[in-house]
Structures are given as C-alpha cells and as structure tokens.
**Student:** 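Supplied in structure tokens, the structure appears directly below.
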Amino acid sequence: QVQLVESGGALVQPGGSLTLSCITSGFTFNYYVMSWYRQVSGKERELVASIPPWGGSPNYSNSAKGRFTISRDNAKKTVNLQMNNLNPEDTAVYYCNAVLQTNNFWGQGTQVTVSS
C-alpha cells in the first residue's frame with residue numbers, strides 16, 4: 001500500500017521557518033522524482049520544489065528560490081522541505097508528491113499558515 005505522510009505544518013509568524021517532512025512507504029522511493037506542491041483554497045495546486053531520484057540539482061519555483069530547500073534521504077524514504085523567511089503568501093496546504101512514469105502518488109497534505 002502506497003503511503004505518503006506529511007508532517008510539520010504549523011502556524012508561524014512572518015519571517016519564521018518551518019521544515020516539512022514526508023515519510024513514504026509502499027513504492028521504490030529511490031526511483032521516484034519527489035516534489036512538494038502547495039494549494040490555496042480556490043486556486044490550482046502549484047509546484048514548489050522537486051528533486052531527482054539519484055541526486056542532481058533540485059528545481060524550485062520562483063517564489064521558493066533562495067528561501068526553500070528540498071532534500072531527500074533515500075535510505076529513510078523521506079523528503080523534506082526546509083522553508084525560511086516565510087511570508088503570508090506562503091500560506092497553503094503543502095502536499096508531498098512522488099512520480100515515476102505513469103505512477104503519481106500524493107499525500108494528504110499539511111497546513112502551513114503564516115500570520116502575525
């Protein structure tokens with residue numbers, strides 16, 4: 001059974017930091033491109049960052065560049081998103097995603113709220 005379980009979402013003040021984690025099971029993690037997406041209610045889900053299976057350069061959205069860092073641990077089958085200098089526009093539900101060819105798996109999401 002494929003599972004992607006996100007955690008780490010919270011209420012944080014502007015300028016603060018959070019680390020989101022995604023623990024996975026049920027698929028061959030090492031072969032999958034892992035990504036973080038986010039979605040604001042009423043808007044489309046958007047890519048925040050992605051990381052290739054065997055290292056290589058991660059890819060970031062323009063809004064995430066310079067502030068967010070995606071990382072993966074293939075041994076632990078986890079992917080993290082370190083988010084710094086958060087602002088209210090980062091408020092969203094953040095989703096973990098795994099893709100390999102036609103396989104496309106999602107977690108249930110974790111809420112990040114940036115507010116004073």
Side-chain angles (χ1 to χ4, degrees):
Q1 180 183 2
V2 172
Q3 287 190 315
L4 291 81
V5 180
E6 302 98 334
S7 62
L11 171 63
V12 62
Q13 292 188 341
S17 298
L18 277 178
T19 299
L20 305 183
S21 295
C22 176
I23 299 173
T24 75
S25 61
F27 62 97
T28 310
F29 181 86
N30 295 11
Y31 291 99
Y32 281 69
V33 175
M34 298 301 300
S35 302
W36 285 95
Y37 285 74
R38 67 187 184 187
Q39 188 169 24
V40 176
S41 180
K43 294 189 177 181
E44 290 189 359
R45 196 170 294 188
E46 64 173 358
L47 176 67
V48 176
S50 62
I51 187 166
W54 297 103
S57 299
N59 178 55
Y60 296 96
S61 66
N62 286 336
S63 63
K65 282 178 185 176
R67 299 188 301 128
F68 295 1
T69 303
I70 188 171
S71 61
R72 65 189 294 159
D73 186 328
N74 285 347
K76 295 182 179 179
K77 301 182 180 182
T78 60
V79 59
N80 291 338
L81 185 68
Q82 171 69 41
M83 303 186 295
N84 298 325
N85 193 23
L86 287 161
N87 59 64
E89 289 69 38
D90 296 315
T91 295
V93 178
Y94 284 71
Y95 295 91
C96 180
N97 173 258
V99 169
L100 173 62
Q101 297 178 347
T102 58
N103 293 334
N104 190 357
F105 306 136
W106 293 92
Q108 83 289 346
T110 186
Q111 176 71 47
V112 173
T113 303
V114 185
S115 175
S116 55

**Student:** For the residue pair Ser115 and Pro14, what are the closest heavy atoms and their distance?
**Tutor:** C-CD, 3.6 Å
**Student:** Is Ser35 close to Leu47 at the side-chain level, that is, under 4.5 Å between some pair of heavy atoms?
**Tutor:** yes
**Student:** Does Tyr95 use its side chain to pair, donor to acceptor, with the backbone of Glu6 at less than 3.5 Å?
**Tutor:** no
**Student:** Taking atom types as modelled, find out whether Ser61 and Arg38 have a side-chain donor-acceptor pair closer than 3.5 angstrom.
**Tutor:** no
**Student:** Please give me the minimum heavy-atom distance between Gln111 and Thr91, naming the atom from each residue.
**Tutor:** NE2-CG2, 4.0 Å
**Student:** State the CG-OG1 distance between Asp73 and Thr78, to the nearest 0.5 angstrom.
**Tutor:** 4.5 Å
**Student:** I'd like to check Arg67 versus Asn87 (side-chain heavy atoms, cut-off strictly below 4.5 Å). Are they in contact?
**Tutor:**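 They are in side-chain contact.
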**Student:** Would a distance-only check, ignoring hydrogens and angles, find a side-chain to backbone donor-acceptor pair under 3.5 Å from Asn74 to Pro53?
**Tutor:**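 Checked: pair present.
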**Student:** Regarding Arg72 and the six-membered ring of Phe29, is the cationic atom NZ or CZ under 6.0 Å from the ring centre and inside 45° of its axis?
**Tutor:** yes
**Student:** Would you check if Thr24 and Met34 make a side-chain contact, meaning some heavy-atom pair closer than 4.5 Å?
**Tutor:**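 Result yes, sub-4.5 Å side-chain heavy-atom pair found.
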**Student:** Do the non-hydrogen side-chain atoms of Leu100 and Phe27 ever get within less than 4.5 Å of each other?
**Tutor:** no
**Student:** Other members of the hydrophobic cluster containing Val33, with the 4.5 Å side-chain heavy-atom rule, please.
**Tutor:**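 Members alongside Val33: none; it stands by itself.
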**Student:** Do Leu86 and Phe68 come close enough that some side-chain heavy atom pair is under 4.5 Å?
**Tutor:** yes
**Student:** Closest heavy-atom contact between Ala49 and Tyr60?
**Tutor:**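 Smallest heavy-atom distance, with atoms named: CB-CD2, 3.5 Å.
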**Student:** Out of curiosity, Cys22 SG to Asn97 CG, how far, rounded to the nearest 0.5 Å?
**Tutor:** 9.0 Å
**Student:** Measure across Val5 and Gln108 and return the closest heavy-atom pair with its distance rounded to 0.1 Å.
**Tutor:**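 Between these two residues, the closest heavy atoms are CA-OE1, 3.8 Å.
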**Student:** How far does OG1 of Thr110 sit from CG of Leu81, to the nearest 0.5 angstrom?
**Tutor:**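 Separation between the atoms: 11.0 Å.
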**Student:** Could you report the tightest heavy-atom contact between Trp36 and Leu20, atom names first, then the distance?
**Tutor:** CH2-CB, 3.7 Å
**Student:** If you group Ile, Leu, Val, Met, Phe, Trp and Tyr by side-chain heavy-atom gaps below 4.5 Å, do Tyr31 and Val79 land in one group?
**Tutor:**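 Yes, because Tyr31 and Val79 connect within a single hydrophobic cluster, where side-chain heavy atoms sit under 4.5 Å apart.
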**Student:** Are Leu4 and Trp106 close enough that some pair of their side-chain heavy atoms sits under 4.5 Å apart?
**Tutor:**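 The answer is no; the side chains never approach within 4.5 Å.
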**Student:** State, to 0.1 Å, how close Ser71 and Ile51 come at their nearest heavy-atom pair, and which atoms those are.
**Tutor:** CA-CD1, 4.0 Å
**Student:** Can you find a side-chain donor-acceptor pair between Gln82 and Asn80 that sits under 3.5 Å?
**Tutor:**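 On atom types as modelled, these side chains do not qualify, holding no pair under 3.5 Å.
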**Student:** Working to the nearest 0.5 angstrom, can you tell me the gap between Ile70 CD1 and Met83 CE?
**Tutor:** 11.5 Å
**Student:** For a 4.5 angstrom cut-off between non-hydrogen side-chain atoms, does Val48 reach Tyr94?
**Tutor:** yes
